[in-house]
There are 2 protein chains.
Amino acid sequence: MRADARRNYERLLAEADVAFREHGTDASLEEIARRAGVAIGTLYAHFPTRQALLESLMRERNDQVIGQGEELIKERPPGEALEAWARISVAHTTAYRGLAASLISCFDDPTSPLYGACHAMTEMGERLVERAREAGGIRPDASASDLFALITAAAWVREQVSEEQAERLLRIMIDGLRPQEG
Amino acid sequence: MRADARRNYERLLAEADVAFREHGTDASLEEIARRAGVAIGTLYAHFPTRQALLESLMRERNDQVIGQGEELIKERPPGEALEAWARISVAHTTAYRGLAASLISCFDDPTSPLYGACHAMTEMGERLVERAREAGGIRPDASASDLFALITAAAWVREQVSEEQAERLLRIMIDGLRPQEG
DNA sequence: ACCTGAACACCGTTCAAGT
DNA sequence: ACCTGAACACCGTTCAAGT
């Protein structure tokens, strides 16, 4: 990659982050290009779709979330690790308004640039769920895709509503994941 | 209201319903006007905002949901009534893609045309929650706003994902609403 | 009292032409 | 190898002019 191209790439990512933070994932691509000091065609050359841009922005952060899952598995009892990782993932999915929707909609779309990210998260979820299930910490029928739906739903609520309210629903969902009597 | 105005009003509502069903609540207003056979200005004269249009579309349906809540209170035990009404409300909120977001975002915005609908739903939720709480059917700290968040979150998931997956998460959320051990 | 539709501002996306 | 920006298609919203 040529040096000027690399520089444009970095500036586009930085401005996209600013714009997505401020206006959500629907932010204007033209404004991102303008603020990065490049023509709109340059943005499209580097990122053919909005999802591709989003994927590049999330990549590092996503790796971190997976890494934190590994650590939790090593250091914490099953139920605790699962809940802690769910909370980390919700916070992660709250980076931009609209991100939760982008993530859940690529869950079963292998052609999406974000599919890899979803898949990696689901695999880590699978390990945490499996471990908690063996320990009897969660209901036996709970799956990794339930956890994924729970995380994105909690993040979506968090986008729209007070932190207190979002926390209350997250509490209810996590409790609902535990073994049920009767 | 003049007869021709009334006719335009009705046609706009009918076409908006078609468009929202097909493209979600972000459907093109210009297309709705075009299909209704009126100029775009006429649409704006009848419905100053997209939310106002949505509100008119939901009004009847909303009254029905409240009415069904009344019946459930009369005919069913507290826990059962609550769960049944939650399911009815989720289905109601699934009418158009994007409706769950519109509803939750007007929850604490009294200036929104949809505020009345949210408020009515929350009041009915309050009655059902109160009744279930007295019977010990739900956790003592659960509130009507928790129920509202739960319903919209479940509807949002349903918009994005298979009915089976949505049902699984709804089951988890409703179970999490029950009294928790420990 | 209601309707029309041009006008304005904005956006996503492509692609021929430039360096 | 990469960048530019005009061109096209589309949309939301307003408002002066018409009936």
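Order of the sequence lines sets the chain letters (A, B, ...), proteins ahead of strands, with each chain counted from 1.
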Next item on the list: Look at the side-chain N and O atoms of B:N8 and state whether any lies under 4.0 Å from the OP1 or OP2 oxygen of C:dC2.
Entry: no
Note to self: Just N and O in the side chain of B:S28: are any of them under 4.0 Å from OP1 or OP2 of D:dG12?
What the structure shows: yes
Next item on the list: Run through A:L99, A:T25, A:D17, A:N62 and flag the one making a side chain to side chain contact (heavy atoms under 4.5 Å, CB included) with A:L57.
Entry: A:D17
Notebook entry, point to check: Ignoring hydrogens and geometry, is there a side-chain-to-backbone donor-acceptor pair from B:R131 to B:I73 under 3.5 Å?
Noted result: yes
Notebook entry, point to check: Closer than 4.0 Å, any side-chain N/O of B:H46 to the OP1 or OP2 of C:dC2?
Noted result: no
Notebook entry, point to check: What is the distance, rounded to the nearest whole Å, between atom CG of A:L43 and atom C1' of D:dC2?
Noted result: 14 Å
Margin query: Does this structure show an ion pair linking A:R127 with A:E123, if we count only N-O contacts that are shorter than 4.0 Å?
Written below: no
Next item on the list: Calculate the interatomic distance between A:Y44 atom OH and D:dA7 atom P; express it in whole Å.
Entry: 18 Å
Item checked: Side chain of A:R50 (C-beta onward), nearest among D:dA1, D:dG12, C:dG12 -> C:dG12
Note to self: Please compare B:E30 and B:M1 by the position of their nearest nucleotide in DNA chain C and report the one closer to 5'.
What the structure shows: B:M1
Next item on the list: Could you tell me how the ring of A:F148 sits relative to the ring of A:F107: parallel (under 30°), tilted (30 to 60°) or perpendicular (over 60°)?
Entry: parallel
Check: Roughly how many Å is it from CZ in B:R34 to P in D:dG12, rounded to a whole number?
Finding: 10 Å
